[in-house]
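Computed from heavy atoms alone, side chains included, the values below leave out hydrogens, waters and symmetry copies.
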Amino acid sequence: MDKIGISKNHKYLTCGNKPFFWPGDTGWLIFHKLTEEDAYVYLKNRADKGFNVIQAVLVYATEGLCDINKMYIPNCDVEDIKYWEHCDRVIKTAEKLGLYTALLPCWGSLLKAGVITEENAGRYAEFLGERYKDCDNIIWVLGGDIRPAGFEKIYDIMGNILKEKNPDKLITFHPFGRCTSSTWFNDRSWLGQQESRGLFRRGQLEVCPP
């Protein structure tokens, strides 16, 4: 699949040499709540309907916080390699169907709960960057319904490492509703792509290169 990038005039997203329109569907819990067979049915349905990006979170909750957002999370043992192999296969299925996956490393509530910290954020980002460096259909999305005030350093750690490990992938941020990522990260080199300037998108999911 062609990489998602930013146009030479820095006004819109591109896929290869063509403008890219992002009709995304929020399948946040696809890795946690669906079997691989069910994931295929969902992804095929989305692809057939013209969606091209599936927004999903890799770690929505851990076993100790499985009810963090009052939702039943059947698959939250993220320390088991079988979970990550499951994620690998679902991401690959999406790629075969022509779908990009906009992946959140974790939901914002995990930072608030102290599960993701300045001490472990770097190790997690290195794990993700190395594991998915060869996947062409990934867009990284930090955040997850959160105002990042007080957590900026954690996101800088993760963003910088993901940018180093996956320099060919777009990195964006998912803030809290009615917020813009530029409030906190407008000058960050990891947000957006290298040599891009001035692109803003309205709504919760924003691409705001410095």
Q) Charged N to carboxylate O below 4.0 Å: is that the case for Glu130 and Lys133? A) yes
Q. Applying the side-chain contact (heavy atoms from CB on, under 4.5 Å) test to Leu43, which of Leu34, Thr93, Thr101, Asp38 qualifies?
A. Thr93
Q. Does Glu85 come within less than 4.0 Å of Lys82, counting only side-chain N to carboxylate O?
A. no
**Q.** Value rounded to 0.5 Å, distance of CZ in Phe151 from CG in Leu142
**A.** 14.0 Å
Q. So, Thr183 side chain and Thr180 main chain: donor-acceptor pair closer than 3.5 Å or not?
A. yes
Q.
In terms of relative ring orientation, are His32 and Tyr83 parallel, tilted or perpendicular, with 30° and 60° separating the classes?
A. tilted
**Q.** Backbone of Asp156 reached by a side-chain donor or acceptor of Asn160 within 3.5 Å
**A.** yes
Q) Rounded to the nearest 0.5 Å, how far does CG of Asp134 lie from CG of Asn166? A) 9.0 Å
Q | Test item: Phe20 and Tyr100 side chains (from C-beta on) under 4.5 Å apart, heavy atoms | A | yes
Q) Among all residues two or more places apart in sequence or in another chain, which pass the side-chain hydrogen bond (donor to acceptor under 3.5 Å, both in side chains) test with Asp48? A) Lys44
Q: Without swapping roles, check the side chain of His174 against the backbone of Asp145 for a donor-acceptor pair under 3.5 Å.
A: yes
Would you be so kind as to tabulate the donor-acceptor pairs closer than 3.5 Å made by side chains of residues 23-30, with sequence neighbours excluded?
{"residue": "Asp25", "atom": "OD2", "partner": "Tyr42", "partner atom": "OH", "Å": "2.7"}

Q: Can you spot which of Asn75, Ile91, Val59, Val57 makes a side-chain contact (heavy atoms from CB on, under 4.5 Å) with Phe31?
A: Ile91
Q) Using 30° and 60° as the class limits, which term best fits the ring planes of Phe127 and Trp84: parallel, tilted or perpendicular? A) perpendicular
